[in-house]
Colleague: 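Let me give you the structure first, and then I'll get to my questions.
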Amino acid sequence: MCLMPVSVFATTTPVPSKQNKTQTAKYSRSPKTMILLAIACHFMIVEAQFFTNKSIGQSNPVAGATNTITVTMVTDTELTAEASSSVTISGLIGAVATNPVTLLDAGDDGAISFSDGVTQGKGAWSSGTLTLTVNAGENLAAGTVYTFGFQITNPSATTTSPTINIAASGSALIASATMTKPGTALYGVANGANPLEVLV
């Protein structure tokens with residue numbers, strides 16, 4: 001919806017009022033006004049909403065081992081439970097987990113901010129995608145850090161960390177974007193802190 005004030009572009013046509021002998025003018029929008037408003041709406045710039053922090057890492061690069069994935073996120077806009085907002089993390093190819101996954105506390109209540117749509121502190125898992133529903137009574141505040149972890153089992157074969165994306169919907173629509181990885185070694189494995197960088 002265009003919220004551009006009419007007065008900015010209005011070219012008005014005075015219409016004499018029958019209720020006042022001094023002919024107090026009423027005003028109506030002319031065709032020119034409507035055209036200018038349409039042009040203004042067409043060229044309005046809408047600022048995109050996005051994650052200002054979207055980091056992801058892991059605790060263990062060993063094939064077949066239990067591995068804790070840690071996510072840190074910050075948005076530039078509020079995500080509300082009232083609007084059934086959710087965050088989706090996709091691309092965790094090869095990871096094995098049981099649905100729903102338990103979200104692990106990382107010190108800032110990020111884990112209890114979400115649910116799997118039913119149970120607080122859980123996330124819905126399906127084929128390498130984690131869906132997090134903003135829990136009833138909770139809101140993700142803009143500019144606030146939310147961190148949580150969850151456990152997976154690593155693939156049994158050597159793998160290179162895949163591209164992992166994050167998106168949000170609900171009270172705000174945040175387009176899918178690539179998450180940031182540490183890019184550091186872990187247990188002697190180059191890029192071993194990157195999620196699903198696995199070595200046999």
Side-chain angles (χ1 to χ4, degrees), residues 1 3 44-60 66-155 159-183 193-198:
M1 178 182 293
L3 301 178
M44 283 179 69
I45 298 173
V46 178
E47 185 176 353
Q49 296 163 325
F50 58 95
F51 289 95
T52 57
N53 187 336
K54 49 186 186 304
S55 305
I56 187 168
Q58 70 176 8
S59 66
N60 194 341
T66 299
N67 184 8
T68 299
I69 303 295
T70 301
V71 173
T72 301
M73 66 175 74
V74 180
T75 66
D76 70 342
T77 187
E78 185 180 45
L79 293 173
T80 68
E82 184 179 9
S84 299
S85 299
S86 64
V87 174
T88 302
I89 298 171
S90 60
L92 294 159
I93 300 168
V96 178
T98 301
N99 181 53
V101 299
T102 298
L103 304 180
L104 307 174
D105 178 55
D108 58 14
D109 293 334
I112 62 174
S113 298
F114 297 103
S115 76
D116 63 347
V118 178
T119 306
Q120 185 177 24
K122 302 285 187 180
W125 176 267
S126 177
S127 303
T129 296
L130 179 65
T131 302
L132 305 162
T133 301
V134 178
N135 192 58
E138 302 283 344
N139 291 324
L140 298 192
T144 300
V145 178
Y146 294 91
T147 308
F148 60 88
F150 60 96
Q151 289 191 332
I152 62 167
T153 300
N154 284 338
T159 61
T160 300
S161 179
T163 298
I164 300 172
N165 295 314
I166 188 169
S169 61
S171 58
L173 183 61
I174 303 179
S176 180
T178 302
M179 299 191 75
T180 303
K181 305 173 186 178
N194 292 351
L196 294 170
E197 184 78 30
V198 173

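No experiment lies behind these values; they were computed from the predicted model shown.
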Colleague: Identify the two heavy atoms, one from Ala95 and one from Ile152, that lie closest to each other, and give their separation to 0.1 Å.
Modeller: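 Result for this residue pair: CB-CD1, 3.5 Å.
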
Colleague: Could you pull out the closest heavy-atom pair between Ile112 and Gln120, with the gap in Å?
Modeller: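 That closest heavy-atom pairing would be O-NE2, 2.8 Å.
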
Colleague: Do Thr72 and Tyr146 have side chains that get closer than 4.5 Å, going by heavy atoms?
Modeller: no

Colleague: Using side-chain contact (heavy atoms from CB on, under 4.5 Å), reason through Thr144 and Val74 one step at a time and then give a plain yes or no.
Modeller: CA-CA 6 Å; Thr144 300; Val74 180; 5.9 Å; no

Colleague: Do Thr133 and Ser84 come within less than 4.5 Å of each other through their side chains, counting heavy atoms only?
Modeller: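 No, every pair of side-chain atoms sits at 4.5 Å or beyond.
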
Colleague: Applying side chain to side chain donor-acceptor pair (under 3.5 Å) to Thr180 and Ser55, what does each step give before you reach the verdict?
Modeller: CA-CA 5 Å; Thr180 303; Ser55 305; 5.0 Å; no

Colleague: Below 4.5 Å, heavy atoms only, C-beta onward: do Asn135 and Phe114 meet side chain to side chain?
Modeller: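 No; the side chains remain at least 4.5 Å from each other.
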
Colleague: Taking the side chain from Asn67 and the backbone from Asn60, do they hold a donor-acceptor pair closer than 3.5 Å?
Modeller: yes

Colleague: Once you round to the nearest 0.5 Å, how far does CD of Glu138 lie from OG1 of Thr80?
Modeller: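 Between Glu138 CD and Thr80 OG1, I get 12.0 Å after rounding to 0.5 Å.
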
Colleague: Please test Val134 against Leu140 for side-chain contact (heavy atoms from CB on, under 4.5 Å), starting from the C-alpha separation and ending with a verdict.
Modeller: CA-CA 7 Å; Val134 178; Leu140 298 192; 4.2 Å; yes

Colleague: Over all heavy atoms of both residues, which pair between Ala81 and Ala136 is shortest? Give the atoms and the distance, please.
Modeller: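 Result for this residue pair: CB-CA, 4.0 Å.
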
Colleague: Can you see which heavy atom on Ser115 is nearest to which on Gly117, and at what distance?
Modeller: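 That would be OG-N, 2.9 Å.
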
Colleague: For the atom pair CG (Leu196) and OG1 (Thr159), what is the distance rounded to the nearest 0.5 Å?
Modeller: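 Going from the CG atom of Leu196 to the OG1 atom of Thr159 covers 6.0 Å.
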
Colleague: Indicate yes or no: at least one non-hydrogen side-chain atom of Gln58 is less than 4.5 angstrom from one of Thr68.
Modeller: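 When only atoms from C-beta onward are counted, Thr68 and Gln58 do not touch, as no gap falls below 4.5 Å.
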
Colleague: Looking at every non-hydrogen atom in both residues, tell me the closest pair between Pro195 and Pro162 and how far apart they are.
Modeller: O-CD, 3.6 Å

Colleague: Quick one: pull up CH2 in Trp125 and CG in Leu132 and give me the separation to the nearest 0.5 Å.
Modeller: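 Spacing of CH2 (Trp125) from CG (Leu132) equals 10.5 Å.
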
Colleague: To the nearest 0.5 Å, tell me how far Ser127 OG sits from Leu92 CG.
Modeller: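 Going from the OG atom of Ser127 to the CG atom of Leu92 covers 11.5 Å.
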
Colleague: Going from OG on Ser85 to CD on Glu78, what distance comes out if it is rounded to the nearest 0.5 angstrom?
Modeller: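 Rounded to the nearest 0.5 Å, the OG-CD separation comes out at 8.5 Å.
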
Colleague: Do Leu103 and Lys122 make a side-chain contact, defined as non-hydrogen atoms from C-beta onward lying under 4.5 Å apart?
Modeller: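 Of all side-chain heavy-atom pairs linking Lys122 with Leu103, none is under 4.5 Å.
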
Colleague: Nearest heavy-atom pair of Asp105 and Asp108: which atoms, and what distance?
Modeller: OD1-N, 4.1 Å

Colleague: Is the shortest side-chain heavy-atom distance between Met73 and Phe148 below 4.5 Å?
Modeller: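 Result yes, sub-4.5 Å side-chain heavy-atom pair found.
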
Colleague: For the pair Val71 and Met179, evaluate side-chain contact (heavy atoms from CB on, under 4.5 Å) and give the outcome as yes or no after the intermediate values.
Modeller: CA-CA 9 Å; Val71 173; Met179 299 191 75; 3.9 Å; yes

Colleague: Looking at OG1 of Thr75 and CD1 of Ile174, how far apart are the two atoms once the value is rounded to the nearest 0.5 Å?
Modeller: 5.5 Å

Colleague: Would you call Thr129 and Ile89 a side-chain contact if the rule is heavy atoms closer than 4.5 Å?
Modeller: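 Contact flag for Thr129/Ile89 side chains = no.
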
Colleague: Under 4.5 Å between any side-chain heavy atoms of Thr160 and Glu197, yes or no?
Modeller: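 When only atoms from C-beta onward are counted, Glu197 and Thr160 do touch, with a gap below 4.5 Å.
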
Colleague: I'd like to know whether Ile166 forms a side-chain contact (heavy atoms from CB on, under 4.5 Å) with Phe51, so could you lay out the CA-CA distance, the side-chain angles of the two residues, the decisive distance to 0.1 Å, and finally the verdict.
Modeller: CA-CA 9 Å; Ile166 188 169; Phe51 289 95; 3.8 Å; yes

